[in-house]
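The model shown is predicted, which means the values in this text are computed figures rather than measured ones.
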Amino acid sequence: LAQSVATNLTTPCTELVAPIQSVIDQLPGVGEFFNLPSMLEFIIDGVIVGAIAAIVDAGFDMCAREVDAAGAEVGVQSARN
């Protein structure tokens, strides 16, 4: 996943912000605080982690409901209650 994200998302986006970053770097002291490629990578990583978490959580919830339903059929109370 990391290689695909780097090739298809991070690299093209970094190339887009490079001219802006070069202007920021020319401003005395500002380039030390505003590193657009690093900010961009942080945001992309956060989106990926959030997306994966949402997928896993949804899958877990579905499985948990199925286990609860199967348990209810045989008279076992859910452990989540």
Side-chain angles (χ1 to χ4, degrees):
L1 182 63
Q3 181 62 36
S4 178
V5 169
T7 301
N8 297 314
L9 188 62
T10 306
T11 301
C13 290
T14 302
E15 291 171 359
L16 287 173
V17 299
I20 300 167
Q21 185 64 49
S22 66
V23 171
I24 290 172
D25 291 341
Q26 293 174 5
L27 301 171
V30 178
E32 296 175 21
F33 299 105
F34 293 101
N35 185 321
L36 294 181
S38 293
M39 291 178 186
L40 180 69
E41 190 172 328
F42 179 78
I43 292 168
I44 291 171
D45 288 347
V47 169
I48 291 171
V49 168
I52 291 171
I55 292 167
V56 170
D57 287 347
F60 176 78
D61 287 344
M62 182 180 69
C63 289
R65 283 192 303 272
E66 290 178 10
V67 168
D68 287 346
E73 288 180 15
V74 295
V76 177
Q77 184 179 1
S78 172
R80 297 189 309 162
N81 289 337

My understanding is that only one of Ile48, Ile44, Val47, Leu40 makes a side chain to side chain contact (heavy atoms under 4.5 Å, CB included) with Leu9; could you say which?
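Testing each of Ile48, Ile44, Val47, Leu40 against Leu9, the sole residue satisfying side chain to side chain contact (heavy atoms under 4.5 Å, CB included) is Ile44.
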State the SG-CG distance between Cys63 and Asp68, to the nearest 0.5 angstrom.
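Atom-to-atom, Cys63:SG and Asp68:CG are 11.0 Å apart.
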Same apolar cluster: Phe42 and Phe33, side chain cutoff 4.5 Å
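No, no single cluster joins them.
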With the 4.5 Å side-chain cut-off for hydrophobic clustering, are Val30 and Val23 part of the same group?
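Per the 4.5 Å side-chain linkage, Val30 and Val23 are not co-clustered.
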Would you name the heavy atoms of Asn8 and Pro12 that are closest together and state the gap between them?
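Taking every non-hydrogen atom into account, O-CG, 3.7 Å.
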If you look at every heavy atom in Phe34 and Met39, which pair is closest and at what distance?
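Residues Phe34 and Met39, closest heavy atoms: CD2-CE, 3.6 Å.
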Which residue pairs pass the side-chain hydrogen bond (donor to acceptor under 3.5 Å, both in side chains) test when at least one of the two sits in residues 12-22, sequence neighbours left out?
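Counting only pairs at least two positions apart or across chains, the side-chain hydrogen bond (donor to acceptor under 3.5 Å, both in side chains) contacts touching residues 12-22 are Gln21-Asp25.
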